[in-house]
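Notes for the one structure printed next.
This one's a predicted model, so the numbers in the text were calculated from it and none came from an experiment. Naming convention: chains lettered A, B, ... in sequence-line order (proteins, then strands); numbering from 1 in each chain.
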Amino acid sequence: MAQGVIAIAEQRDGEIRKISYEVVSEARRLADSLGQGVTAIILGAGVKEKAVTLGHYGADKVVVADDPRLQTYTPDAYVTVLEQLVKENDPAILLLGASTQGKDLAARLAARLGVGMAQDCTQFSIENGNLVSIRPIYAGKAYAKLTYQDSYPQMATARPNVMPLNKPDTGKSAQMVDAAFTLDDSVMKTKIVDIIRDESGKVDLTEADKIVSGGRGMKDAEGYKILEELADLIGASVGASRSAVDAGWRPHKDQVGQTGKVVSPNLYIACGISGAIQHLAGMSTSKVIVAINKDPDAPIFQKADYGVVDDLFKVVPALKEELKKMA
Amino acid sequence: MNIIVCLKQVPDTETQIKISQDKKSIEESDIKWVMNPYDEFGVEEALRLKEKFGGEVTIIGLGPKRVTESIRTALAMGADKGILINDPALEGSDALGVAKALAATIKGMGFDLIFTGQRAVDDDAGIVGITLAEFLGIPHLPVIVKIEVAEDGKSLKAHRPVEGQTLIIETGLPALITAQKGLNEPRYASLPGIMKAKKKPLEEKTLADLGLNPSEFGKGASKLKVIELTPPPQRAAGKIIDGESPEQKAAQLAKLLHEEAKVL
């Protein structure tokens with residue numbers, strides 16, 4: 001009988017990523033309502049020492065798969081190893097983070113296991129002993145409440161920045177286990193041959209705690225300078241609407257919305273963004289939304305917690321000065 | 001180089017989504033159906049590779065008759081032939097079911113590359129393409145913004161942006177690629193292209209044609225089951241900030257973000 005919750009943790013360059021703690025925290029909550037345990041699994045090379053922290057967030061057991069070939073994620077190697085570890089542990093629930101890596105890994109692992117998987121969920125609960133997953137569809141224009149049918153483990157990924165983190169308790173120590181697995185080189189059909197690092201040092205929009213975003217109202221690429229300055233001051237990442245990206249003012253990776261990134265920061269400041277339905281769809285799970293726009297009828301104000309109807313080229317620099325004073 | 005592009009027809013992103021009476025699906029009456037935007041990048045990339053290496057581009061769609069229109073669009077862009085998998089038993093299938101039907105269609109067709117969109121803008125899951133690769137036993141390269149195929153057409157390098165970095169991934173062919181915005185600028189179908197597309201072969205297949213058992217598809221066979229669809233949670237009404245000048249408003253906003261919202 002399938003039992004317990006497995007949280008698959010994620011590391012990059014040997015550092016445990018924040019999403020891993022979010023997933024372990026959520027796994028703990030679900031396991032508690034089932035009266036069962038949490039096992040975290042992490043794959044990497046030489047990550048055991050750092051993986052101890054997964055216990056602080058609620059894992060009872062941490063399984064470490066250590067191999068130089070697992071240092072950088074490839075679906076081939078990771079799915080091959082995880083298939084063995086998941087089958088051995090036979091969990092009722094299998095959770096991953098909906099990071100770029102997690103979404104990819106979860107999809108291929110679910111296919112390998114032949115189970116249903118709910119991608120990029122914003123809420124989980126246990127009903128009648130089973131997992132219920134809630135996820136936005138149509139970029140958040142509707143939400144789907146899903147359950148699983150003759151499908152174990154019940155599998156899902158959790159949207160970054162949405163699941164509350166447990167308070168880490170350094171007094172809690174998980175049982176650390178070295179995983180036994182086989183990994184034949186022949187299964188590895190893709191190879192990472194190079195990594196180009198983004199030198200901006202900014203957190204990716206999907207994981208950013210704060211985002212300052214600009215739209216058509218920025219007038220040109222130069223207009224983003226004031227947004228960059230505000231973002232630097234408050235430690236935010238800079239986003240853009242589709243029209244700004246299509247105009248060539250910002251790169252594709254900055255686009256927020258239905259055909260761009262879906263984001264959930266604590267603070268989203270929309271500047272000169274009218275709020276087309278596709279844009280709103282990509283940012284409406286942000287916790288606090290600020291809109292700065294000259295047009296009082298802009299739809300963005302319907303979603304905003306705080307609205308400023310005025311010229312952003314005056315408001316944004318003034319806001320920066322005010323925040324400097326407060327710091 | 002023979003290339004297959006799988007496409008999905010989705011509601012245009014302008015569409016207001018209305019949930020139907022049974023709360024398990026959406027109202028389809030006022031929807032304008034279009035080719036999933038991410039699939040368009042796949043079609044375009046396939047055409048560019050065909051122009052360079054020769055070969056054939058086959059479009060595969062799955063769904064009701066209306067999907068024919070999106071397949072014709074891809075043919076008008078320059079693809080060679082289309083296949084529509086259309087069977088009422090597929091209605092309500094999950095990603096595993098859809099990928100199984102696609103895999104059965106593709107098995108036995110010689111191919112070097114398959115493209116799908118990195119996700120469809122309706123269910124936003126991004127599972128079908130990857131599952132298809134798994135069922136065909138080929139590698140997949142997800143969310144790709146640039147492809148460089150080797151001169152001999154036997155391997156490729158692909159660029160995959162992840163949080164804060166871009167991975168350059170190499171693989172031999174055949175392989176499956178899921179296309180991301182930035183891969184290319186899709187062409188528009190020309191008028192002669194549209195005329196030509198009308199004469200291009202477009203075959204329709206049922207599950208029986210594919211040697212599949214209809215009872216293994218549809219709602220009943222889905223591993224993931226919809227309990228209900230709901231509208232998004234409503235946000236409480238916001239505050240419009242008063243002030244005589246932009247400076248005053250900025251000061252007020254800074255104060256609220258600090259003291260009330262406590263986010264700065």
Using a 4.5 Å cut-off on heavy atoms from C-beta on, say whether the side chain of A:Ile137 contacts that of B:Asp122.
-> no
Residue set satisfying salt bridge (Lys or Arg N to Asp or Glu O under 4.0 Å) with A:Asp209, at least two apart, ordered chain then number -> none
Do A:Arg12 and B:Val162 have side chains that approach each other closer than 4.5 Å (heavy atoms only, starting at C-beta)?
yes
Within residues 93-101 of chain B, contacts to chain A at heavy-atom distances under 4.5 Å involve B:Leu96
Quiz item: So do the side chains of A:Asp198 and B:Gln165 get within less than 4.5 Å of each other, counting heavy atoms only?
Solution: no
Okay, A:Val115 and chain B: the region with an atom under 4.5 Å from a heavy atom over there is backbone
Turns out that what part of A:Gln255 lies under 4.5 Å from chain B's heavy atoms comes down to side chain
In short, side chain to side chain donor-acceptor pair (under 3.5 Å) pairs touching residues 224-242 of chain B with sequence neighbours left out are A:Asp305-B:Arg235, B:Lys239-B:Glu260
Exercise for the section: Side-chain contact test, heavy atoms from C-beta onward, threshold under 4.5 Å: evaluate it for A:Lys141 versus B:Gln16 and give yes or no. Expected result: no
| Considering only heavy atoms from C-beta outward, does the side chain of B:Val226 approach that of A:Leu146 to under 4.5 Å? | yes
Applying a strict 4.5 Å limit to non-hydrogen atoms, the region of A:Asp120 in contact with chain B is neither
inquiry  = Before you tell me yes or no, could you show the steps for B:Glu163 and A:Gln101 under side-chain hydrogen bond (donor to acceptor under 3.5 Å, both in side chains), namely the whole-Å CA-CA distance, both residues' side-chain angles and the distance that decides it to 0.1 Å?
reply    = CA-CA 9 Å; B:Glu163 300 88 354; A:Gln101 173 180 317; over 6 Å; no
If one checks every heavy atom of A:Thr259 against chain B at 4.5 Å, the contacting part turns out to be both
Under 4.5 Å to a heavy atom of chain B? For A:Met117 that would be both
*asked:* I'd like to check B:Leu264 versus A:Leu323 (side-chain heavy atoms, cut-off strictly below 4.5 Å). Are they in contact?
replied: yes
Applying a strict 4.5 Å limit to non-hydrogen atoms, the region of B:Ala133 in contact with chain A is both
By residue number, those in residues 30-37 of chain B with heavy atoms under 4.5 Å from heavy atoms of chain A are B:Pro37
